[in-house]
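One structure is given below, encoded as structure tokens.
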Amino acid sequence: MEQIFRRSDYNPIITVEDLPVAATAVLNPGAIEHDGDVVLLLRVESNDGMSSVYVARSKNGVTDWEINRHPLIHRGDEPWHYESWGCEDPRVVYMSDMQAYYITYTAYSPSGAAVGLARTTDFEHIERIGLIFSPNNKDAVLFPQKFEGRYAAMHRPDAGGLENIWIAFSPDLVYWGEPHAVLLEGSGPSWDTEKVGSGPPPIMTSEGWLLIYHGAKYYAGSLVYRAGAVLLDRERPNRVRAKLPYSIFSSRESYETTGLVPNTVFPTGLLLRGDELWMYYGAADYCVCLATVKLHTLLNLFT
């Protein structure tokens, strides 16, 4: 089943050699379409080990990336001291009621890893809203619509070593409540037994919300990250309608098996382009890659 995705012939589509700044790694991009371009929000780890978020644009979503020299979300900006160690792993959605793009990201500081939220209308200027989940918490994604007048976000708190996917609701994108555990770590020797976390923001399909997530398992003392998929209820996204028991995407190519964190595929961007899903992911915590699959091919795995 892990062969359903087709990797781009141009992989890796972005590496540190493509960046206009010196860096150790470029990884885990948020993805959206804007003004006729595919826009990637790149996590760029500079040579001091700390990350900021940069914007890349491409007409075809594969090649000829134009990457801004200056970060969209720069770590360490005053007074955002909860980002002093980095702004990491952005995900992005368009909120039609707000006519703006909302970006969730990991805000990293000596206080731990928290979830930050920012908004933009042009990917040139940013307005930080602030922290929406306190440490330790990561992998937050927004749903691109309201549910009974409330926004919804999935996130991954660390509950004393338990790292499950939770959901929360908000009337205003600032204050969050009504928590529900949505997806638990796997059990025994399953592929996602150590931790799970949301990948890209969920996409609405004929079968409900499609969530691609990452799971991790230890092999010989090292974590191996793969991707899986679940379907969430259309009206009540805290309810899992169906979950595939196996991973659907894992490290295979050299750029995925060798890098700063070997054997890691980490999807964070997902576009539905016609009848095809374009999945952007970080490979080995070092570079950015693309894999595609027909939507019906993936949905048919649930039947």
Side-chain angles (χ1 to χ4, degrees), residues 1-14 28-34 36-41 56-65 91-94 141-145 154 165 182-183 191-192 196-215 225-235 237 239-257 264-283 287-303:
M1 297 303 179
E2 293 185 345
Q3 306 305 315
I4 64 168
F5 280 90
R6 181 187 180 277
R7 290 165 171 82
S8 171
D9 293 336
Y10 294 90
N11 275 353
I13 60 172
I14 300 177
N28 303 356
I32 202 81
E33 295 188 74
H34 175 254
D37 294 334
V38 171
V39 173
L40 296 186
L41 301 181
R57 288 180 175 270
S58 168
K59 292 297 182 185
N60 61 22
V62 183
T63 61
D64 301 319
W65 293 95
R91 281 84 157 181
V92 57
V93 298
Y94 180 70
V141 296
L142 293 171
F143 287 80
Q145 69 168 60
M154 306 191 80
I165 298 176
V182 177
L183 188 64
W191 69 272
D192 55 357
V196 291
S198 297
I203 285 183
M204 175 57 76
T205 74
S206 60
E207 304 301 318
W209 292 98
L210 172 66
L211 175 70
I212 292 178
Y213 70 99
H214 64 262
Y225 284 83
R226 303 181 177 101
V230 297
L231 288 173
L232 306 175
D233 187 82
R234 181 186 296 266
E235 303 297 333
R239 296 179 178 176
V240 175
R241 291 192 59 223
K243 175 180 180 292
L244 297 178
Y246 43 78
S247 62
I248 59 170
F249 193 69
S250 63
S251 301
R252 186 181 69 188
E253 302 298 327
S254 59
Y255 50 80
E256 299 162 346
T257 59
T264 292
V265 290
F266 201 87
T268 42
L270 190 66
L271 303 179
L272 180 57
R273 311 195 78 191
D275 63 349
E276 197 168 53
L277 292 169
W278 287 40
M279 183 176 74
Y280 293 90
Y281 63 100
C287 57
V288 171
C289 298
L290 169 65
T292 60
V293 65
K294 296 290 186 181
L295 176 60
H296 69 84
T297 301
L298 181 51
L299 293 180
N300 284 345
L301 298 182
F302 291 93
T303 60

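Just the heavy atoms: all of them, side chains too, but no hydrogens, waters or symmetry mates, feed the values below. In this chain, numbering begins with 1 at the start of the sequence shown.
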Original post:
Can you find a pair of side-chain heavy atoms, one from Leu290 and one from Asn11, that are under 4.5 Å apart?
Top reply: yes
Side-chain donor-acceptor contacts of residues 294-303 below 3.5 Å, not counting sequence neighbours, with atom names and distances?
unit_1	atom_1	unit_2	atom_2	d
Lys294	NZ	Asp275	OD1	3.2
Asn300	ND2	His296	O	3.1
Thr303	OG1	Asn300	O	2.7

**OP:** With sequence neighbours excluded, tell me which residues meet salt bridge (Lys or Arg N to Asp or Glu O under 4.0 Å) with Arg273.
**Re:** Glu33
**OP:** Look only at the side chain of His214 and the backbone of Gly197, and say whether a donor-acceptor pair between them is shorter than 3.5 Å.
**Re:** yes
**OP:** Working to the nearest 0.5 Å, report the span between CE of Met279 and OG1 of Thr268.
**Re:** 9.5 Å
Original post:
Can you name the nearest heavy-atom pair linking Ser198 to Met154, along with the distance?
Top reply: OG-CB, 3.7 Å
Original post:
Should Ile203 and Leu277 be marked as a side chain to side chain contact (heavy atoms under 4.5 Å, CB included) after you check the CA-CA gap, both sets of side-chain angles, and the distance that decides it?
Top reply: CA-CA 10 Å; Ile203 285 183; Leu277 292 169; 4.1 Å; yes
Subject >> Closest non-hydrogen atom pair between Leu41 and Val92, with its separation >> reply: CD1-CB, 3.9 Å
Using atom types as modelled, flag every donor-acceptor pair under 3.5 Å from a side chain in residues 204-213 to any protein atom, sequence neighbours excluded.
unit_1	atom_1	unit_2	atom_2	d
Thr205	OG1	Glu207	N	3.1
Thr205	OG1	Gly208	N	3.4
Thr205	OG1	Gly208	O	2.7
Trp209	NE1	Arg234	O	3.2
Tyr213	OH	Asp192	OD2	3.2

Subject >> Leu232 and Val240, any side-chain heavy atoms less than 4.5 Å apart >> reply: yes
**OP:** Return the minimal non-hydrogen interatomic distance between Ser8 and Val62, and the atom names on each side.
**Re:** OG-CG1, 3.8 Å
Subject >> Taking every non-hydrogen atom, the tightest pair across Gly282 and Pro29 >> reply: N-CD, 4.1 Å
Original post:
Between atom OG1 of Thr63 and atom CD1 of Ile14, what is the distance when rounded to the nearest 0.5 Å?
Top reply: 10.5 Å
Subject >> Under the side-chain contact (heavy atoms from CB on, under 4.5 Å) test, residues paired with Pro12 that sit two or more places apart >> reply: Thr15, Tyr255, Cys287, Cys289
Original post:
Would His34 and Tyr94 count as a side chain to side chain contact (heavy atoms under 4.5 Å, CB included) if you check the C-alpha gap in whole Å, the side-chain angles of each, and the deciding distance to 0.1 Å?
Top reply: CA-CA 10 Å; His34 175 254; Tyr94 180 70; over 6 Å; no
Original post:
Does Ala31 have any side-chain contact (heavy atoms from CB on, under 4.5 Å) partners at least two apart in sequence or in another chain, and if so, which?
Top reply: Leu40, Leu271, Tyr280
**OP:** Please name all residues satisfying salt bridge (Lys or Arg N to Asp or Glu O under 4.0 Å) with Asp9, sequence neighbours left out, ordered by chain then number.
**Re:** Arg6
Subject >> Steps toward salt bridge (charged side-chain N to carboxylate O under 4.0 Å, His left out) verdict (Asp37, Arg57) >> reply: CA-CA 6 Å; Asp37 294 334; Arg57 288 180 175 270; 3.2 Å; yes
Subject >> ring-ring contact (aromatic ring centres under 6.0 Å, His included) involving Tyr10 - partner list, sequence neighbours excluded >> reply: none
Original post:
Nearest 0.5 Å, what's the CG-CZ distance between Asn28 and Arg91?
Top reply: 7.0 Å
Subject >> Validation row: Ile248, Phe5 side chains within 4.5 angstrom (heavy atoms) >> reply: yes
**OP:** List in chain and number order the residues that pass side-chain hydrogen bond (donor to acceptor under 3.5 Å, both in side chains) with Ser251, two or more places apart in sequence or in another chain; answer none if no residue qualifies.
**Re:** none
Original post:
Does the side chain of Arg7 reach to within under 4.5 Å of the side chain of Phe249, using non-hydrogen atoms?
Top reply: yes
**OP:** Output all residues satisfying ring-ring contact (aromatic ring centres under 6.0 Å, His included) with Trp278, sequence neighbours left out; order by chain, then residue number.
**Re:** none
Original post:
Thr264 versus Tyr281: any side-chain heavy-atom pair under 4.5 Å?
Top reply: no
**OP:** Please test Arg226 against Tyr246 for side chain to side chain contact (heavy atoms under 4.5 Å, CB included), starting from the C-alpha separation and ending with a verdict.
**Re:** CA-CA 10 Å; Arg226 303 181 177 101; Tyr246 43 78; over 6 Å; no
**OP:** Decide side chain to side chain contact (heavy atoms under 4.5 Å, CB included) for Thr257 and Arg252; before the verdict, give the C-alpha distance in whole Å, the side-chain angles of both, and the deciding distance to 0.1 Å.
**Re:** CA-CA 6 Å; Thr257 59; Arg252 186 181 69 188; 5.9 Å; no
